[in-house]
Amino acid sequence: MNKLYIIALAIITLSCDTAKTTEKVDSNTTKNFFFEEVEAIKSGNEELLLPEGFTYQVLFQGGKDSVLRADGKKFLAKASNDMLAYLPIDGSSEHGYLYVSQETFKVNPNLGDGGGGSIMEIKKENGKWTVVNDVRHIDFSNVRETSRNCGGTPTPHGTILTCEEMQPMSNLELSYDGKAFSDTSDLANGMKAFENQGWMVEVDPNTGKAMHKLYSMGRYMHEDAHCMPDGKTVYLSDDNDPAVFFKFIADSVGNYKKGQLYAFQQTETSG
């Protein structure tokens with residue numbers, strides 16, 4: 001699910017001044033905003049409306065710009081940009097890596113079938129962001145590709161967790177008449193091809209490769225995730241209807257491969 005329509009068109013960076021607006025909500029609650037609200041508009045308007053003091057730059061457009069594959073060859077980037085994550089270099093807020101997931105589900109002989117991810121080094125100089133060197137393609141081939149990479153989260157130890165927002169129930173559904181996945185053979189571990197989709201996937205931004213699929217976090221239509229600073233706890237959301245809100249706690253810090261998955265249960269008194 002693309003949560004922000006503008007992200008489907010391009011990666012943008014936003015900046016604003018430090019003016020803060022305070023809105024009185026009721027006698028007991030005060031909300032602090034760092035911007036004046038933008039007037040509501042009708043759907044279908046493709047103009048990007050920003051509050052006063054905000055600016056933007058287009059750094060990368062899925063489906064229009066090229067990405068560098070590991071072998072040095074360039075190909076048109078996958079489209080449908082979704083998750084964005086900034087990874088600082090040496091703790092800097094002006095020099096780091098920008099990761100983006102692509103919520104695609106198509107055969108792609110150059111970049112791998114299904115979903116995708118791209119990563120770029122960015123740097124801010126004289127108030128402007130620039131992309132340093134080439135945008136790199138994330139290689140998911142060692143986990144037999146992904147499906148509809150949606151939301152996700154940086155981890156405290158510098159990796160990325162990306163969500164597969166698809167849970168096919170058969171190889172026929174996975175293949176989608178050959179339009180989505182060309183390889184529906186069984187995996188080396190005996191898992192059916194369709195069973196390999198619908199997980200959280202950990203990515204190493206330094207190598208530009210997927211590390212593994214995190215089976216302990218469950219198989220469902222992963223919408224988004226958020227890692228907590230303890231390096232063990234991850235909150236996970238589901239895009240089914242009805243949906244479940246999950247919490248995962250790893251057995252050890254910095255290793256999400258094993259742990260306990262919990263599901264929130266609504267009660268009459270839980271609000």
Side-chain angles (χ1 to χ4, degrees), residues 1-4 7-8 80-87 99-105 114-117 138 140 142-170 173-174 180-181 187 189-205 210-271:
M1 176 181 179
N2 289 357
K3 295 172 285 300
L4 296 175
I7 298 302
S80 300
N81 296 343
D82 199 293
M83 167 203 177
L84 290 173
Y86 176 78
L87 304 172
Y99 177 91
V100 56
S101 284
Q102 280 99 28
E103 193 178 323
T104 55
F105 185 56
I138 300 297
F140 290 103
N142 64 318
V143 293
R144 273 283 291 272
E145 309 305 346
T146 56
S147 295
R148 292 181 57 187
N149 293 59
C150 189
T153 176
T155 70
H157 52 278
T159 61
I160 291 288
L161 302 188
T162 176
C163 301
E164 289 188 298
E165 194 190 3
M166 187 168 180
Q167 186 186 3
M169 302 309 293
S170 68
E173 182 181 346
L174 174 67
F181 272 81
L187 277 70
N189 62 5
M191 182 181 287
K192 299 294 183 183
F194 76 92
E195 295 172 330
N196 188 50
Q197 309 297 320
W199 307 97
M200 295 297 296
V201 187
E202 189 164 12
V203 172
D204 184 344
M211 300 164 61
H212 38 244
K213 296 200 174 186
L214 299 170
Y215 302 128
S216 293
M217 290 188 181
R219 180 177 185 258
Y220 50 91
M221 290 180 65
H222 289 270
E223 170 66 24
D224 212 348
H226 182 72
C227 285
M228 301 303 289
D230 63 1
K232 296 178 67 175
T233 307
V234 183
Y235 289 95
L236 303 150
S237 61
D238 171 17
D239 203 20
N240 278 303
D241 184 11
V244 180
F245 183 53
F246 294 96
K247 177 175 72 172
F248 174 82
I249 300 180
D251 291 344
S252 57
V253 175
N255 183 357
Y256 299 117
K257 294 176 71 174
K258 293 184 179 180
Q260 179 64 51
L261 185 66
Y262 298 89
F264 172 74
Q265 181 174 339
Q266 181 80 17
T267 68
E268 292 181 359
T269 58
S270 59

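Starting from 1, each residue takes its place in the sequence as its number.
Rounded to the nearest 0.5 angstrom, Asn240 CG and Gln167 CD are separated by 6.0 Å. Put simply, OG on Ser237 and CZ on Phe245 are 7.5 Å apart, with the number rounded to the nearest 0.5 Å. In this structure, the separation between CG on Leu161 and CE on Met211 is 9.5 Å, given to the nearest 0.5 Å. To the nearest 0.5 angstrom, Ile160 atom CD1 is 6.5 Å from Tyr99 atom OH. Asp224 CG to Asp239 CG: the interatomic distance, rounded to the nearest 0.5 Å, is 10.0 Å. Between the CZ atom of Arg219 and the CG atom of Leu261 there is a distance of 14.5 Å, given to the nearest 0.5 Å.
Here Ala193 pairs with Arg144, Asn171, Leu174, Thr184 under the side chain to side chain contact (heavy atoms under 4.5 Å, CB included) rule; sequence neighbours left out. Evaluation of the side-chain hydrogen bond (donor to acceptor under 3.5 Å, both in side chains) rule for Thr159 yields Thr155, His157, Glu202 as partners, not counting sequence neighbours. Every residue meeting the side chain to side chain contact (heavy atoms under 4.5 Å, CB included) condition with Ala243, not counting sequence neighbours, appears here in chain and number order: Asp238. With sequence neighbours left out, the side-chain hydrogen bond (donor to acceptor under 3.5 Å, both in side chains) criterion links Lys192 to Asp186. Lys257 is linked by a side chain to side chain contact (heavy atoms under 4.5 Å, CB included) to His212, Leu214, Asn255, counting only residues two or more places apart in sequence or in another chain. Under the ring pair (Phe, Tyr, Trp, His ring centres under 6.0 Å) criterion, Tyr215 pairs with Trp199, sequence neighbours left out. Remark: Glu164 engages Lys213 in a salt bridge (Lys or Arg N to Asp or Glu O under 4.0 Å) (not counting sequence neighbours). Shown here are the side chain to side chain contact (heavy atoms under 4.5 Å, CB included) partners of Ser216, two or more places apart in sequence or in another chain: Phe248. Under the side-chain hydrogen bond (donor to acceptor under 3.5 Å, both in side chains) criterion, Lys232 pairs with no residue, sequence neighbours left out. Phe105 pairs by the ring pair (Phe, Tyr, Trp, His ring centres under 6.0 Å) definition with Phe181, not counting sequence neighbours. In this view, Thr162 and Ser101, Asn149 satisfy the side-chain hydrogen bond (donor to acceptor under 3.5 Å, both in side chains) rule, not counting sequence neighbours.
Counting heavy atoms from C-beta on, the side chains of Phe194 and Glu173 never come closer than 4.5 Å. Counting heavy atoms from C-beta on, the side chains of Tyr235 and Met228 come closer than 4.5 Å. Two residues are said to be in side-chain contact when any heavy atoms from C-beta on lie closer than 4.5 Å; Val234 and Tyr256 meet this criterion. Counting heavy atoms from C-beta outward, Glu165 and His222 have side chains that stay 4.5 Å or more apart.
The closest donor-acceptor contact from the side chain of Glu195 to the backbone of Met191 lies at 3.5 Å or more, if one exists at all. A donor-acceptor pair is defined here as one N or O able to donate and one able to accept, closer than 3.5 Å; no such pair exists between the side chain of Asn81 and the backbone of Gln102. With hydrogens and angles disregarded, a donor-acceptor distance shorter than 3.5 Å links the side chain of Thr104 to the backbone of Gly114.
Of all heavy-atom pairs between Ala210 and Phe140, the closest is CB-CD2, 3.6 Å. Summarising the geometry of Cys163 relative to Ala225, their closest heavy-atom pair is SG-N, 4.1 Å, with the distance given to 0.1 Å. Nearest heavy atoms, Pro154 versus Cys227: O-CB, 3.5 Å.
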